[in-house]
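To keep things clear, I will list the structure first and then write my remarks on it.
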2 protein chains.
Amino acid sequence: MSEADATRRPTVYDVAQEANVSIASVSFAFRRPDKLSDATRERVLEAARRLGYAPSAAARGLAHGRTGTLGLHAFDLLLERADPIAQANPLSGLATPRLDADGVIPWTQTDDDVLSDPRAFPLYVDEVQRGFELECWALGRPVMLSSGAGTDVSVADTAGRVDGLAIFPSPQTAPALARYAPTIPIVLFSAPPADDHHHRVRVDNAAGMRAVVEHLARAHGVRDVAFVGRPEASDTVERLSGLRAAATEFGVALRPDVVDATVRGEDELVPQLRALIAGARMPRALVCATDQHAFAVLDALAAEGIRVPDDVVVTGFDGTLAARLSSPPLTTVRQPMEAMGRAAARILAGAAGPADRPFDVVFEPRLTVRQSCGCRA
Amino acid sequence: MSEADATRRPTVYDVAQEANVSIASVSFAFRRPDKLSDATRERVLEAARRLGYAPSAAARGLAHGRTGTLGLHAFDLLLERADPIAQANPLSGLATPRLDADGVIPWTQTDDDVLSDPRAFPLYVDEVQRGFELECWALGRPVMLSSGAGTDVSVADTAGRVDGLAIFPSPQTAPALARYAPTIPIVLFSAPPADDHHHRVRVDNAAGMRAVVEHLARAHGVRDVAFVGRPEASDTVERLSGLRAAATEFGVALRPDVVDATVRGEDELVPQLRALIAGARMPRALVCATDQHAFAVLDALAAEGIRVPDDVVVTGFDGTLAARLSSPPLTTVRQPMEAMGRAAARILAGAAGPADRPFDVVFEPRLTVRQSCGCRA
DNA sequence: TTGTAAGCGTTATCAG
DNA sequence: CTGATAACGCTTACAA
């Protein structure tokens with residue numbers, strides 16, 4: 001044993017001393033085993049094991065110029081989630097039981113009912129993230145997860161830790177990203193094409209909307225729809241224009257006034273829905289920008305005593321797990337989220353081929369028919 | 001602009017030159033803004049912004065001695081998952097579409113049906129992980145996700161990247177962990193008490209099993225149960241002995257022979273179940289070690305034409321989302337998985353108080369009654 | 001085959 | 001308040 005503190009992390013120097021070799025040999029024992037005689041290599045490895053030596057990734061990254069890690073950054077995503085924990089302060093509402101007390105922590109202090117709500121998890125981002133993790137695992141790359149306000153510093157901090165960064169973009173994001181783009185490869189999820197130099201992984205929103213309208217028109221004879229969503233979001237913009245095109249194609253009337261609502265927007269929805277009811281202007285179908293909008297609509301409709309799909313048809317977009325669990329189960333457009341996450345990881349790892357020009361990967365979505373459109377169970 | 005390549009990551013030196021100050025001032029501008037005059041600070045910050053400077057986490061970690069990151073390591077977990085992708089080679093069976101081709105990637109190349117199976121995600125580990133991420137986010141700590149064979153090198157690699165490590169232990173893990181324990185705080189999920197110096201976050205398995213037996217005995221008059229699981233897993237051992245104790249307490253007969261099955265064990269289960277049927281020895285209830293075992297049992301029983309709960313009662317353990325979706329929906333014991341992940345993060349971040357002795361946090365689980373026990377919808 | 005020594009980009013400790 | 005300068009732990013020519 002070396003004389004260093006028992007608690008200090010052993011370094012190459014400690015191992016070198018323990019094994020009676022130079023620090024270079026220690027390094028070689030791990031990185032270039034072939035450049036060492038079997039005897040010394042074994043001696044070094046043995047010493048390392050004895051000392052509990054774990055090479056410092058920081059030092060290695062510094063020397064080698066790369067961290068080996070791929071990053072996934074989420075901008076205050078919870079804010080856009082229909083999430084009970086979507087507060088200005090994350091987790092602000094949750095219990096924080098004492099962990100150093102003896103005895104069992106009672107169920108009431110776990111907030112499990114809140115945390116286990118399937119409308120809060122897994123969402124779109126969670127499945128994309130899972131795909132990213134899965135692929136990184138297959139590639140042998142650690143994943144760095146971070147989140148933040150989308151400010152310069154939060155992005156910079158993450159950018160400094162990884163060899164490549166995948167991001168769910170938000171409007172305020174662009175400038176910060178533009179700054180680091182030359183320095184590190186960046187993949188944007190679900191961002192419409194643009195002339196930045198970022199890679200993109202997205203879904204064909206127009207095709208998804210077309211599938212919805214086609215089904216509604218052909219299978220259910222729907223002639224009259226309205227769109228529910230918050231038009232600012234870029235994905236939403238594409239979906240709305242896709243809906244417009246499809247409505248024209250299938251001879252369906254699209255209400256010019258969008259029902260504007262956030263994903264948690266019961267408060268905003270109820271009045272607008274009431275106005276439609278009062279004016280007897282409720283369309284046959286409410287086509288929602290996301291599943292979460294659809295859930296909010298379902299709740300608001302139920303509160304008004306309006307039946308789905310009998311009185312009005314509702315559809316979603318994303319294909320989250322929660323769409324199976326709503327009542328009625330939601331007809332929606334499924335994005336291949338895991339595949340999207342996997343694609344991003346492959347691009348960043350260089351496993352997708354050389355990036356002489358930015359990747360723009362577009363996946364086909366798929367209509368998932370359940371009961372909220374009027375189809376039978 | 002400095003004369004460095006456009007693509008090289010700018011460093012303190014570049015910023016210092018651009019702002020006409022020393023590198024120390026650059027560092028201070030970010031870490032100790034108070035120690036700099038407003039004028040220089042602004043000048044430095046401005047230069048940094050202009051250059052797209054992102055401090056290197058590697059260098060900082062090296063200098064500062066800590067990475068700021070908290071790690072979550074999973075040992076070849078997929079192997080223990082009832083997961084279609086649980087192969088020796090992760091993702092081996094999945095399509096890998098070309099990403100550099102033009103045009104939309106067709107749905108068939110996404111393998112989305114496999115990947116979106118709720119029996120594969122989210123599982124116990126995924127929810128614990130989510131809790132870990134949530135808390136790390138609240139604490140402003142990036143998360144490092146890694147996975148590997150549980151070998152020395154895989155653990156060492158992770159250990160070298162983080163300030164603290166949470167782990168889902170596997171049997172082969174112990175020696176590797178013991179090695180790094182003195183060097184870095186380690187939290188074990190769901191590991192029974194032992195005299196290593198690791199922290200622990202777990203659930204009261206015995207209490208969970210007691211709740212199951214109590215319900216079965218009191219509400220359904222069950223007098224006769226068998227246990228399904230793979231006794232090697234440490235969690236399973238605790239659950240089995242909890243079941244034993246509870247069976248005694250409530251005067252329920254417990255079959256001495258455990259139905260031994262892996263989580264994907266249809267192949268092993270069917271013969272054992274058939275033997276029970278043939279001998280007319282099927283107990284009134286099959287108490288399973290995990291939800292995943294229960295799903296395998298449900299499938300095997302259905303294949304044999306045996307009805308649940310009419311012919312035999314089935315219960316699970318964990319409370320995963322998939323338990324809501326099985327048919328019949330599964331009566332199970334829910335672990336507060338998010339809370340467990342959060343607790344681990346707090347411990348590692350030092351937010352749970354000083355760790356003069358290892359934390360051993362035990363959560364209360366909760367019986368979730370659904371239909372597989374015989375309760376009505 | 002092994003050792004020496006020069007970085008890598010920060011932070012921190014001193015002087016000035 | 002600011003600037004030199006020495007760590008930090010590792011990789012990698014280059015020497016021996």
Side-chain angles (χ1 to χ4, degrees), chain A residues 2 4-5 8-45 47-48 51-68 156-157 159-163 183-184, chain B residues 2 4-5 8-44 47-48 51-69 156-157 159-163 183-184:
Chain A
S2 87
D5 318 2
R8 226 202 63 225
R9 275 152 104 139
T11 72
V12 270
Y13 296 99
D14 300 315
V15 178
Q17 186 182 345
E18 176 87 2
N20 260 305
V21 295
S22 75
I23 59 165
S25 299
V26 176
S27 181
F28 280 155
F30 289 94
R31 307 296 154 214
R32 297 224 165 303
D34 47 304
K35 314 211 84 170
L36 241 42
S37 73
D38 292 5
T40 30
R41 177 159 24 82
E42 272 319 309
R43 195 146 39 89
V44 171
L45 261 22
L51 264 32
Y53 167 69
S56 148
R60 183 175 345 169
L62 185 53
H64 190 254
R66 320 167 348 93
T67 66
D157 183 72
R161 295 171 181 275
V162 299
D163 293 338
T183 240
I184 175 187
Chain B
S2 88
D5 314 4
R8 227 202 60 225
R9 275 152 103 139
T11 72
V12 270
Y13 296 100
D14 300 315
V15 178
Q17 187 182 346
E18 176 87 3
N20 261 304
V21 295
S22 76
I23 59 164
S25 300
V26 176
S27 181
F28 279 156
F30 288 94
R31 308 293 156 214
R32 299 225 164 300
D34 47 304
K35 315 211 81 170
L36 239 44
S37 73
D38 292 7
T40 27
R41 178 159 24 82
E42 273 319 310
R43 197 143 41 88
V44 171
L51 262 32
Y53 167 71
S56 151
R60 180 166 356 161
L62 184 53
H64 190 255
R66 321 170 344 95
T67 65
T69 303
D157 182 74
R161 295 172 182 275
V162 300
D163 293 338
T183 243
I184 174 188

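So that the names make sense, note that chain A is the first sequence line, chain B the second, and so on, each numbered from 1.
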Nearest-0.5 Å distance, CG of residue Leu45(A) to OG1 of residue Thr40(A): 10.5 Å

Side-chain N or O of His64(A) closer than 4.0 Å to phosphate OP1/OP2 of dT12(D): yes

Under 4.0 angstrom between Tyr53(A) side-chain N/O and dC10(D) OP1 or OP2: yes

Rounded distance (Å) that lies between atom C1' of dC1(D) and atom CG of Asp34(B): 11 Å

Between P of dT11(D) and NZ of Lys35(A), the distance in whole Å: 14 Å

Sugar-phosphate, base or nothing in reach of Arg32(A), heavy atoms under 4.0 Å: nothing

Phosphate OP1/OP2 of dT2(C): any Thr40(A) side-chain N/O under 4.0 Å: yes

Whole-Å gap separating P (dG9(C)) and CG (Leu62(A)): 7 Å

side-chain N/O Ser56(B) vs dG9(C) OP1/OP2, d < 4.0 Å: no

Minimum-distance nucleotide (side-chain atoms of Ala24(A) versus dG3(C), dA4(D), dT10(C)): dG3(C)

Phosphate-side-chain proximity, Ser27(A) and dT11(D), N/O vs OP1/OP2 below 4.0 Å: yes

Note, His64(A) side chain near Arg31(A) side chain (heavy atom, < 4.5 Å): no

Minimum-distance nucleotide (side-chain atoms of Val21(A) versus dA4(D), dG9(D), dG3(C)): dG3(C)

Nucleotide nearest Phe28(B) when distance is taken to its side chain, options dT13(C), dT11(C), dG9(D): dT13(C)

Euclidean distance, atom CZ of residue Arg9(B) to atom C1' of dT10(C) [Å, nearest integer]: 14 Å

Nearest heavy-atom neighbours spanning Val21(A) and Arg43(A): CG1-NH1, 3.8 Å

Contact nearer the 5' end of DNA chain D, comparing Ser22(B) with Pro55(A): Ser22(B)

Distance in angstrom units between Tyr13(A) OH and dG3(C) P, rounded: 14 Å

Interatomic distance, Arg41(B) atom CZ to Asp34(B) atom CG [nearest 0.5 angstrom]: 8.0 Å

Euclidean distance, atom CG of residue Asp157(A) to atom C1' of dT10(C) [Å, nearest integer]: 14 Å

Presence of Ser25(A) side-chain N/O under 4.0 Å of dT1(C) phosphate oxygens OP1/OP2: no

Atom-pair distance (CZ on Arg31(A); C1' on dG9(D)), nearest Å: 12 Å

Separation of dG3(D) P from Gln17(B) CD (nearest whole Å): 14 Å

Heavy-atom closest contact (Ala57(B) atom, Arg161(A) atom, distance): CB-CG, 3.2 Å

DNA chain D: 5'-proximal contact among Ala59(B) and Ile23(B) (nearest heavy atom): Ile23(B)

